[in-house]
Amino acid sequence: MRAGARSGITGLSRRDVLRSCVLAAFAVPLSACREGYDDSPDPLSALVAAARTDAESARTITGSGAEIATAVAEVRAAHAHALQREVTRANRPPAASPQLTPVTDLASLGARLRTAAERALTLMRTAPAHRAGLLGSVAAGCASAQALDDALGDVSKPTFDPPKPSGELADDVVGALQQALASEHAALWVYELVTAFLPETFDDSIGAAIDEHRGRKDTATRLISDSGMMPVLAEPAYQPPKPVTDDVSAMAAVVSAEGDAATTWRGVLARTSDATLRSYAADALRASAVHTTHWRAEAGMSPAAVALPGTPA
């Protein structure tokens, strides 16, 4: 039959038939792409809305608390930006915005930070790995901001419940734990070093931090050994970013060590799906974030609070 002629049976031209075949060929892969698409409301969109509202509310605080409130606003604005990137990437329908208590002062702003941290940690427990790391950093950032001033209320203390993995840990999880263990060895060495350069008034906080890092070291060692691997050993000495010669450089060394620990524990968080190990890694991340805020404030570093602790640069 001549090209372009009509078929007596169907009334379609050859061109019509070819066009329909091409469209049918494209329809299969396009529909297949939709099969794995999650069209449920994205809970992170509610966190974005809360972070933006917190930032806006913090900026309305005036008077003696204005400077702290502005610092909190910057942290929550950074959270909104980071969370929105993930929401945009996932391209899911938005979830309902949460009902939030009004902010009138630093105390009520601190309550909003606690709520934001709790919501992030709740979602983190069952989130995909890449989201778990982000949510852990958001929760840690809320704790970091709340540690700026006593008027924001007490920061929730991590429980450090011993993780009990339900199955064999994957190689990448064990590798992340090895990095976390190495950072704990380094943190312990740094804390011991700086005691020679800091006044006795810091002894209690240094002692508490050493006990905490020693516990985290022991936990990482146990998990790695239980996986049948040899835990990384401590180095004889470590090289701080800059030589430690006085109290300012000593504080800077601690800030660096806590930042490294936060980064490695976020690495664990972003690789494991085990709920107990995620909770422990999130506790370690938040604890290092709070320590970092305190030491940055003591050293006069600005900003004192870190918005997304553990996030790779």
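Start at 1 with the first residue, then count along the sequence. Heavy atoms only: backbone and side chains are in, while hydrogens, waters and symmetry mates are out.
Remark: Asp246 engages no residue in a salt bridge (Lys or Arg N to Asp or Glu O under 4.0 Å) (not counting sequence neighbours). Remark: Asp161 engages Thr159 in a side chain to side chain contact (heavy atoms under 4.5 Å, CB included) (not counting sequence neighbours). Partners of Arg52 according to the salt bridge (Lys or Arg N to Asp or Glu O under 4.0 Å) rule, which considers only residues two or more places apart in sequence or in another chain, do not exist here. Taking the side chain to side chain contact (heavy atoms under 4.5 Å, CB included) definition, one finds that Arg85 meets it with His81, Ala82, sequence neighbours left out. Residues forming a salt bridge (Lys or Arg N to Asp or Glu O under 4.0 Å) with Glu184 (at least two apart in sequence, or on another chain): Arg216. Here Phe160 pairs with Tyr280 under the ring pair (Phe, Tyr, Trp, His ring centres under 6.0 Å) rule; sequence neighbours left out.
Looking at Asp42 and Pro93, their side chains never come closer than 4.5 Å, going by heavy atoms from C-beta outward. Side-chain contact between Leu181 and Gln178 is present, with at least one heavy-atom pair separated by less than 4.5 Å. Counting only heavy atoms from C-beta outward, the side chains of Met251 and Leu198 approach each other to under 4.5 Å. The side-chain heavy atoms of Thr53 and Arg112, taken from C-beta on, include a pair separated by under 4.5 Å. Side-chain contact check for Arg271 versus Val268: every heavy-atom pair is 4.5 Å or farther apart. A heavy-atom distance below 4.5 Å is found between the side chains of Pro98 and Arg119.
Nearest approach of Ala140 to Arg286, heavy atoms of both residues: CA-CG, 3.6 Å. Across every non-hydrogen atom of Val87 and Ser45, the tightest pair is CG2-N, 3.7 Å. Between Pro243 and Ser249, the shortest heavy-atom distance links the atoms O-CB, 3.5 Å. Ser57 and Val103 get closest at one heavy-atom pair: CB-CB, 3.8 Å. Taking every heavy atom of both residues into account, Arg76 and Ala51 meet most closely at NH2-CA, 3.3 Å. Listed here is the closest heavy atom pair of Gly141 and Val75: O-CG1, 3.8 Å.
A salt bridge links Asp226 with Arg222: the distance from a Lys NZ or Arg NE/NH1/NH2 to an Asp or Glu carboxylate oxygen falls below 4.0 Å. Electrostatic pairing of Arg278 and Asp283 does not count as a salt bridge here, judged by no charged N lying under 4.0 Å from a carboxylate O.
A donor-acceptor pair is defined here as one N or O able to donate and one able to accept, closer than 3.5 Å; no such pair exists between the side chain of Ser256 and the backbone of Ala252. Side chain of Ser183 to main chain of Ala180: a donor-acceptor pair is present (N/O by atom type, distance under 3.5 Å, no hydrogens or angles). The closest donor-acceptor contact from the side chain of Asp274 to the backbone of Ser166 lies under 3.5 Å. Counting only distance, with no hydrogens or angles, the side chain of Ser227 and the backbone of Val174 share no donor-acceptor pair below 3.5 Å. Ser279 places no side-chain N or O within 3.5 Å of a backbone atom of Thr276 that could act as its donor or acceptor partner. Counting only distance, with no hydrogens or angles, the side chain of Arg92 and the backbone of Pro41 share a donor-acceptor pair below 3.5 Å.
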Could you walk me through whether Arg89 and His130 pass the side-chain contact (heavy atoms from CB on, under 4.5 Å) check? CA-CA 12 Å; Arg89 184 202 65 78; His130 68 283; 3.2 Å; yes

Please test Leu223 against Val173 for side-chain contact (heavy atoms from CB on, under 4.5 Å), starting from the C-alpha separation and ending with a verdict. CA-CA 10 Å; Leu223 290 169; Val173 178; over 6 Å; no

Starting from the C-alpha separation in whole Å, work towards a yes-or-no answer on side-chain contact (heavy atoms from CB on, under 4.5 Å) for Leu169 and Leu177. CA-CA 10 Å; Leu169 296 177; Leu177 282 168; 3.8 Å; yes

Show your working on side-chain contact (heavy atoms from CB on, under 4.5 Å) between His291 and Glu212 and close with a plain yes or no. CA-CA 11 Å; His291 291 318; Glu212 180 189 292; 3.2 Å; yes

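Following chains of ILVMFWY side-chain contacts shorter than 4.5 Å, one cannot reach Leu100 starting from Leu121, and the two form parts of different hydrophobic clusters. A continuous path of ILVMFWY side-chain contacts below 4.5 Å connects Val138 to Met124, so both sit in one hydrophobic cluster. Each of Val290 and Leu152 belongs to its own hydrophobic cluster when Ile, Leu, Val, Met, Phe, Trp and Tyr are linked at side-chain heavy-atom distances under 4.5 angstrom. Under the 4.5 Å side-chain heavy-atom criterion for grouping Ile, Leu, Val, Met, Phe, Trp and Tyr, Val244 is connected to Phe202 within one hydrophobic cluster. The cluster map of Ile, Leu, Val, Met, Phe, Trp and Tyr, joined by side-chain heavy atoms under 4.5 Å apart, puts Leu148 and Leu109 in the same cluster.
Annotation: the span from Leu269 atom CG to Leu277 atom CG amounts to 8.5 Å, rounded to 0.5 Å. Rounded to the nearest 0.5 Å, atoms CG (Leu123) and CG (Leu47) are 5.5 Å apart. Taking OG1 from Thr104 and CD1 from Ile61, the interatomic distance works out to 7.5 Å, rounded to the nearest 0.5 Å. Between the NE2 atom in His79 and the CG atom in Leu135 there is a gap of 10.5 Å [rounded to 0.5 Å]. Expressed to the nearest 0.5 Å, how far CD1 of Ile210 lies from CG of Asp203 amounts to 9.5 Å. With values rounded to the nearest 0.5 angstrom, Asp172 atom CG is found 8.5 Å from Thr272 atom OG1.
Judged by distance alone, the side chains of Arg114 and Ser156 never bring a donor and an acceptor atom under 3.5 Å apart. For the residue pair Asp105 and Ser108, a side-chain donor N or O sits within less than 3.5 Å of a side-chain acceptor on the partner. Donor-acceptor pairing under 3.5 Å is recorded for the side chains of Thr88 and Gln84.
Within the structure, no pair that satisfies the ring pair (Phe, Tyr, Trp, His ring centres under 6.0 Å) test touches residues 38-62, not counting sequence neighbours. The ring pair (Phe, Tyr, Trp, His ring centres under 6.0 Å) contacts involving residues 90-116 comprise nothing, where partners must be two or more places apart or lie in separate chains. For residues 91-126, there are no ring pair (Phe, Tyr, Trp, His ring centres under 6.0 Å) pairs, not counting sequence neighbours. Within the structure, side chain to side chain donor-acceptor pair (under 3.5 Å) contacts touching residues 140-149 (residues at least two apart or in different chains) are Ser144-Thr293.
Applying the 6.0 Å contact sphere to CG of Asp211 captures more than 12 heavy atoms from other residues, nucleotides or ligands. Sparse packing is recorded around CG of Asp171, with 12 or fewer heavy atoms of other residues, nucleotides or ligands lying under 6.0 Å away.
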Using residues 185-197 as the side-chain source, report each donor-acceptor pair under 3.5 Å to any protein atom, sequence neighbours left out, with the distance given to one decimal.
from   : atom 1 : to     : atom 2 : distance (Å)
His185 : NE2    : Val232 : O      : 3.1
Tyr191 : OH     : Glu258 : OE2    : 2.6
Tyr191 : OH     : Trp295 : NE1    : 3.4
Thr195 : OG1    : Glu192 : O      : 2.7

When the side chains of residues 298-313 are checked against the rest of the protein, which donor-acceptor pairs come out under 3.5 Å, sequence neighbours left out?
from   : atom 1 : to     : atom 2 : distance (Å)
Thr311 : OG1    : Ser137 : OG     : 3.4
Thr311 : OG1    : Arg266 : NH1    : 3.1
Thr311 : OG1    : Leu308 : O      : 2.9

